[in-house]
Structures are given as C-alpha cells and as structure tokens.
A.B. asks: 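There's a structure below that I have some questions on.
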Amino acid sequence: MRVVLLGLPGAGKGTQGERISKKYGIPHISTGNMIRSIIDSGSELGELVKQYTTAGKLIPDEYVIEMVQQRVAEDDCQKGWILDGFPRTVQQAISLDKSLSDKSIEIDYALEIRISEEEALRRISQRRECSECGMVYNLMHKETAVEGVCDKCGGKLYQRTDDNIETASARLKVYMEQTHPVVHYYAQAGKLISINGERDINEVFAEVDALTAKLLSPGHQGEVL
Ligand code: AP5
C-alpha cells in the first residue's frame, strides 16, 4: 500500500499516519521528522536546513527528493509506505510519480485531511512533543499526569521551534501557495480522497481505516472512491 498524506500544518497527518502504519504494518515516513533529526545531529547540513524550517519555508526540492528516494529504497518499504509531508510541491509529486512508474507502480491514493486555518493555528500552538520518545500531545485535549512530562516514558515535553504563531502562519501561507497545487495534481490524476479532519481523532481514523480497507479489498480495481 502506498499512501500520500496531505493537509495544512496541524491537520493530523502525523497522528493518522502513525495509526495507519501500526494497523497495516507499513512504515510511516515523515519528512518533517527526518529533517528535524538532521537538525538535531548538529551537522553543517542541519544548520543550513534549520534556516528554512525556522522561517516556515520549504527545504529545496532537490534535497528533499533525494532524501525520500533513499528512504523508500530501504528494505522495510518494499511492501509500501505512508508519506507524510511529501510531496509538498508539484515538482516533488512529479518526481515521485516518475520514480514509481520506472518500477511500474503507483500510489494507491492521496488523502487530504481538511481543517480550517484557525483550527490549524490552535492545534499547532498547543502541540507538545516528548524529547525522548517523540510522543505527540496537545494541551487542548490531553493533559499529561505531570505537567511537562511524557506519560509514556517520563521524558521532558518541548514545543517545536516552528510551532510559534509567527512561523506557523508562514507555514500556512507556504502550504496554500506551494502545497495546495499538489492537491489539484492528485485530483486530476483521480487519486485524491478528501476527508473532514475537524472531528475527534478516533472518528477521523475510523473513516481513514474504512477507506483503506475498501481500497485494499481483493475485488477493487484501483480507482479511488
Ligand atoms: P512537517 O513536520 O511535515 O510539518 P507540517 O506539514 O507543517 O505538519 P505538522 O507536523 O505541523 O502537522 P500534522 O498534520 O502532522 O499534525 P499532527 O498529527 O502533529 O514539516 C516541518 C517543516 O519541515 C516544514 O515547514 C519544512 O520546512 C520542512 N519540510 C518537511 N517536509 C518537506 C518537504 N517535502 N519539502 C520541503 N520541506 C519540507 O497534529 C497536530 C496537533 O493536533 C497535535 O498536537 C495532535 O495531537 C493534534 N491533533 C491531531 N488530530 C487531531 C484531531 N482530529 N482533533 C484534535 N487535535 C488533533
């Protein structure tokens, strides 16, 4: 199964991507997480890349395309993957299609999780992550037992450096300008499914799961619903 997740920053791509990954046993590949690991490594490349993320801008296509191509060539991706945060430009989408068609494969569907910009800013400003295990929380609806401490592993919670209102607003603008055209790209290819992301996390997942199960069912012809 090969799925691409689209949606505004804060739409729930990471949240739903993790759940699909657990249920269907395929890797959840988040380019945002990969980029944050590079930044955390303290390398020269990390320093360079950080200038883009802290400004809410996209990393140049050629770098991200190469990074994803290497990742999807790894053994654990042979049965499929869920791409979260890629493609984010039409150029990235074209390069993904090209590398898949060279292997006579294609994505099963692109899932757009739709939320409003107001909801995106609310969620982003209240998001916290565990510095040890990466567990994602949201102060709007999930308080931890001890403030600022991860319930799962006891690690310290932190706020992403791009999760302040100023940078988040820039990310939303970049999404509309550079990533929203990718939604149209997949719509034209007959691969797009859009769902309402402004519902309870479990409710959103129930719909994603039902769609995925239907698309993967033996008699299914490959077209999206
Ligand atoms: P990235 O990390 O991909 O950020 P993003 O796309 O802005 O997405 P987010 O991680 O903010 O949100 P999400 O949709 O995953 O939401 P989540 O599930 O966490 O990218 C960061 C940066 O890296 C980019 O700005 C860019 O610089 C660079 N980059 C990455 N990929 C790139 C690429 N391909 N090309 C170039 N540059 C690239 O949920 C958000 C919060 O809401 C959480 O707290 C969660 O608990 C909560 N939540 C989730 N679902 C619900 C719900 N249904 N109801 C209530 N709360 C919910």
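All figures in this text were calculated on a predicted structure; none of them were measured in a lab. In listed order, ligands and their atoms are each counted from 1. Quick note: numbers below take in every heavy atom, side chains included, and nothing from hydrogens, waters or symmetry partners.
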A.B. asks: Do R123 and I115 make a side-chain contact, defined as non-hydrogen atoms from C-beta onward lying under 4.5 Å apart?
C.D. replies: yes
A.B. asks: Which atoms form the tightest heavy-atom contact between G14 and H28, and what is the distance?
C.D. replies: O-CE1, 3.7 Å
A.B. asks: Which protein non-hydrogen atom lies closest to atom 37 (N) of ligand 1, naming both residue and atom, and how far is it?
C.D. replies: I59 N, 3.0 Å
A.B. asks: Between R36 and R160, is any pair of side-chain heavy atoms under 4.5 Å apart?
C.D. replies: yes
A.B. asks: On a heavy-atom basis, I'd like to know which of L5, T15, I35 is closest to atom 29 (N) of ligand 1.
C.D. replies: I35
A.B. asks: Kindly identify the option in R36, R127, K13, R88 whose heavy atom sits closest to atom 40 (C) of ligand 1.
C.D. replies: R127
A.B. asks: Closer than 4.0 Å to some heavy atom of G14 - which atoms of ligand 1 meet that?
C.D. replies: 13 (P), 15 (O), 18 (O)
A.B. asks: Let me see the working for R127 and Y137 under side chain to side chain contact (heavy atoms under 4.5 Å, CB included), right down to the final yes or no.
C.D. replies: CA-CA 6 Å; R127 172 169 49 195; Y137 292 89; over 6 Å; no
A.B. asks: Just to confirm my output: which protein heavy-atom neighbour is closest to atom 31 (N) of ligand 1, and how far is it?
C.D. replies: T31 OG1, 2.8 Å
A.B. asks: What are the atoms of ligand 1, with element, lying closer than 4.0 Å to any heavy atom of V64?
C.D. replies: 33 (C), 34 (N), 35 (N), 36 (C)
A.B. asks: Would you tell me which option among Q92, R128, E18, E203 has the nearest heavy-atom contact to atom 35 (N) of ligand 1?
C.D. replies: Q92
A.B. asks: Would you say G10 touches ligand 1, if touching means a heavy atom closer than 4.0 Å?
C.D. replies: yes
A.B. asks: Identify the protein heavy atom lying closest to atom 34 (N) of ligand 1, giving its residue, its atom name and the separation to 0.1 Å.
C.D. replies: G85 O, 2.8 Å
A.B. asks: Is it possible for you to say whether I193 and I201 belong to one hydrophobic cluster, with membership spreading through side-chain heavy-atom contacts below 4.5 Å?
C.D. replies: no
A.B. asks: Would you say the side chain of T89 lies within less than 4.5 Å of the side chain of Y185, judging by non-hydrogen atoms?
C.D. replies: no
A.B. asks: Please determine whether residues V136 and L8 belong to a single hydrophobic cluster, defined as Ile, Leu, Val, Met, Phe, Trp and Tyr linked transitively by side-chain heavy-atom distances below 4.5 Å.
C.D. replies: no
A.B. asks: Backbone, side chain, both or neither: what part of L58 comes under 4.0 angstrom of ligand 1, heavy atoms only?
C.D. replies: both
A.B. asks: What heavy-atom pair brings D108 and M1 nearest, and what distance separates the two atoms?
C.D. replies: OD2-CA, 3.2 Å
A.B. asks: Does I201 come within less than 4.0 Å of ligand 1, judged by its heavy atoms?
C.D. replies: yes
A.B. asks: Taking it one step at a time, do E198 and S116 satisfy side-chain hydrogen bond (donor to acceptor under 3.5 Å, both in side chains)?
C.D. replies: CA-CA 8 Å; E198 287 199 26; S116 66; 3.1 Å; yes
A.B. asks: Considering only the protein, which heavy-atom contact is closest to atom 23 (O) of ligand 1, and what is its distance?
C.D. replies: T53 CG2, 3.9 Å
A.B. asks: Identify the protein heavy atom lying closest to atom 10 (O) of ligand 1, giving its residue, its atom name and the separation to 0.1 Å.
C.D. replies: R160 NH1, 2.9 Å
A.B. asks: For ligand 1, which atoms, with element, lie under 4.0 Å from some heavy atom of H141?
C.D. replies: 55 (C), 56 (N), 57 (C)
A.B. asks: Considering distance alone, does some N or O of S30 sit under 3.5 Å from an N or O of ligand 1?
C.D. replies: no
A.B. asks: Geometry only, no angles: is A11 polar-contacting ligand 1 at N/O separations under 3.5 Å?
C.D. replies: yes
A.B. asks: Check each atom of ligand 1 against the heavy atoms of K57 and keep those under 4.0 Å away; list them by number with element.
C.D. replies: 26 (C), 27 (O)
A.B. asks: Are the side chains of T212 and V3 in contact, using a 4.5 Å heavy-atom criterion?
C.D. replies: no
A.B. asks: Is E198 touching ligand 1 with its side chain, its backbone, both, or neither, if touching means heavy atoms under 4.0 Å apart?
C.D. replies: neither
A.B. asks: Flag P9 as yes when one of its N or O atoms lies below 3.5 Å from any N or O atom of ligand 1, and as no otherwise.
C.D. replies: no
A.B. asks: Test R171 against D163 for salt bridge (Lys or Arg N to Asp or Glu O under 4.0 Å), laying out the working first.
C.D. replies: CA-CA 9 Å; R171 286 160 57 202; D163 272 358; 3.0 Å; yes
A.B. asks: Would you mind running through ligand 1 and noting each atom that sits below 4.0 Å from a heavy atom of G197?
C.D. replies: 53 (N)
A.B. asks: State, yes or no, whether a side-chain contact exists between L157 and C150 at a heavy-atom distance under 4.5 Å.
C.D. replies: yes
A.B. asks: So Y186 and V4, do their side chains get closer than 4.5 Å, heavy atoms only?
C.D. replies: yes
A.B. asks: Looking only at distances, please establish whether an N/O atom of ligand 1 is found under 3.5 Å from an N/O atom of G7.
C.D. replies: no
A.B. asks: Report the nearest protein non-hydrogen atom to atom 16 (O) of ligand 1: residue, atom name, distance rounded to 0.1 Å.
C.D. replies: G12 N, 3.2 Å
A.B. asks: May I ask you to identify the nearest protein heavy atom to atom 25 (O) of ligand 1, giving residue, atom name and distance to one decimal place in Å?
C.D. replies: R171 CG, 4.0 Å
A.B. asks: Hey, is ligand 1 close enough to R199 that some N/O pair sits below 3.5 Å?
C.D. replies: yes
A.B. asks: Side chains of Q91 and D61 only: does a donor on one sit below 3.5 Å from an acceptor on the other?
C.D. replies: no
A.B. asks: Taking 4.0 angstrom as the limit and counting only heavy atoms of Y137, give me the atoms of ligand 1 inside it, by number and element.
C.D. replies: 44 (O)
A.B. asks: Can you find a pair of side-chain heavy atoms, one from E207 and one from I195, that are under 4.5 Å apart?
C.D. replies: yes
A.B. asks: Counting heavy atoms only, which of R123, Q51, M34 comes nearest to atom 48 (N) of ligand 1?
C.D. replies: R123
A.B. asks: So do the side chains of V182 and R88 get within less than 4.5 Å of each other, counting heavy atoms only?
C.D. replies: no
A.B. asks: Evaluate M67 against F86 for side chain to side chain contact (heavy atoms under 4.5 Å, CB included), listing each step before the verdict.
C.D. replies: CA-CA 11 Å; M67 186 180 84; F86 184 96; over 6 Å; no
A.B. asks: I want to know if ligand 1 touches F86 in the polar sense, i.e. an N/O pair below 3.5 angstrom.
C.D. replies: no
A.B. asks: Mark up the atoms of ligand 1 that fall under 4.0 Å of a heavy atom belonging to N138, in ascending order.
C.D. replies: 41 (C), 42 (O), 43 (C), 44 (O), 46 (O), 47 (C)
A.B. asks: State whether the shortest distance between N or O atoms of N33 and N or O atoms of ligand 1 falls below 3.5 angstrom.
C.D. replies: no
A.B. asks: Could you list the atoms of ligand 1 found under 4.0 angstrom from a heavy atom of D162?
C.D. replies: 21 (C)
